[in-house]
Visitor: 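Dumping the structure here so I can ask a few things about it.
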Protein chains: 2
Amino acid sequence: MKSCLSVDQIRTMLRSKGLQVTSQRVALCRFVLCEADHPTVDTVKLWAEENDVQVSQATVYNTLNMLVDAGLMKVFRFPHSDRMVYDNNVHHHHHLLDEETNHILDLEPGQVNFYAGLSKEWDISEVAVFVRAKRRSSKMDTARQNI
Amino acid sequence: MKSCLSVDQIRTMLRSKGLQVTSQRVALCRFVLCEADHPTVDTVKLWAEENDVQVSQATVYNTLNMLVDAGLMKVFRFPHSDRMVYDNNVHHHHHLLDEETNHILDLEPGQVNFYAGLSKEWDISEVAVFVRAKRRSSKMDTARQNI
DNA sequence: TTACCTGCAAACTCTTTGCACCGCA
DNA sequence: TGCGGTGCAAAGAGTTTGCAGGTAA
């Protein structure tokens, strides 16, 4: 999760991308670029209602998709859900689903080592790894698994 | 892709799962369990129309979901599409999307080696790997990549 | 002032469900 | 004949779009 951005930083960021600054956009950006963790449209709409940010569902969709188009967020469709999931981590990474809380955690590429025995005729452009797991204890270590 | 099943084999298979045998089910099973390659409901409905198999869209959905419930197929939701994708390979495996044809190919677990540097507190229950790739030549070899 | 953003509602897409009819056993 | 499968249509869920009015620059 990124450290929180000020309103001015958000305004500057939007302008630098050629996007108009509106109160709804600033409010949503502060939430989805800083506070929120893999939000869906529902999460964002609910947050807005609870924080007296007046915004319609359509504007939530439009704003999130605008941020994706501007390269400030990514959007994913995961196997466990039929909702679009937005992510303020725009770098290449993978995902882990905590099966108990249904929360998504980012896995940095360095945490995942992958070897594909593919024919060289295949030019891999992207690999997406989605791990489902449950927490069991707190010992730090690494685990090797064949999948 | 499995070798094709006879009508009698399909009837026997359905009965052994306690499922009633109907002409629509036999026809759809022959297609989705043998011929079809990662079909969606649309693919199946289109095939039915082109092959004079009279079946409604609802029955296609119901039949495919019945086969999934019976353990004869799996269903996936992939990142590149908002459609359910059905698969007659019910064993654990991964997927490769041919970005040019949009076809899905199965990757057997042995083709994919995966090492996750997770804390031991995580008990991994499933790993799904989704590879996007383009074909480039025909030399057989293996490729190592960090993801 | 003008371009474009917002809110609302309706449209759209994909999937599921309800119900009368029909077919398998 | 009876259970349950089928077809049709409608309902649901999630997302996108069209348009009138409002706001930023």
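Throughout, a chain's letter reflects where its sequence line sits, starting with A, and its residues are numbered from 1.
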Visitor: Could you note down all residue pairs passing salt bridge (charged side-chain N to carboxylate O under 4.0 Å, His left out) where residues 71-89 of chain B supplies at least one of them, sequence neighbours left out?
Guide: B:Asp42-B:Arg83
Visitor: Taking only residues at least two apart or on different chains, which pairs with a member in residues 43-63 of chain B satisfy salt bridge (charged side-chain N to carboxylate O under 4.0 Å, His left out)?
Guide: B:Lys45-B:Glu49
Visitor: Under the 4.5 Å side-chain heavy-atom rule for ILVMFWY, direct or indirect, which residues accompany A:Leu97?
Guide: A:Phe76, A:Phe78, A:Val85, A:Ile104, A:Phe130
Visitor: For a quick check, with a 4.0 angstrom heavy-atom cut-off, what is the B/S/- contact string for nucleotides 14-21 of chain C, read 5' to 3'?
Guide: SBBB----
Visitor: Are the side chain of A:Lys134 and the backbone of A:Glu99 linked by a donor-acceptor contact shorter than 3.5 Å?
Guide: no
Visitor: Is a side-chain donor-acceptor pair under 3.5 Å present for B:Thr63 with B:Gln24?
Guide: no
Visitor: Strictly by modelled atom types, are B:His38 and B:Asn88 linked by a side-chain donor-acceptor pair under 3.5 Å?
Guide: no
Visitor: How many whole angstroms separate atom CD of A:Gln24 from atom C1' of C:dC8?
Guide: 14 Å
Visitor: Salt bridge check, B:Glu121 against A:Arg136: does any charged N sit closer than 4.0 Å to a carboxylate O?
Guide: no
Visitor: Any side-chain N or O of A:Arg25 under 4.0 Å from OP1/OP2 of C:dT6?
Guide: yes
Visitor: Where along residues 10-22 of chain B does a heavy atom come under 4.0 Å from DNA chain D, residue by residue in number order?
Guide: B:Gln20, B:Thr22
Visitor: Walking along DNA chain D from 5' to 3', note the first and the last nucleotide with an atom under 4.0 Å from a heavy atom of chain A, and give both.
Guide: D:dG14 to D:dA25
Visitor: Using only heavy-atom distances, determine whether the side chains of A:His80 and A:Asn102 contain a donor-acceptor pair under 3.5 Å.
Guide: no
Visitor: Any donor-acceptor pair under 3.5 Å linking the side chain of A:His93 with the backbone of A:His91?
Guide: yes
Visitor: Between B:Asn51 and B:Val53 (side chain of the first, backbone of the second, donor and acceptor by atom type, cut-off under 3.5 Å), is there such a pair?
Guide: no
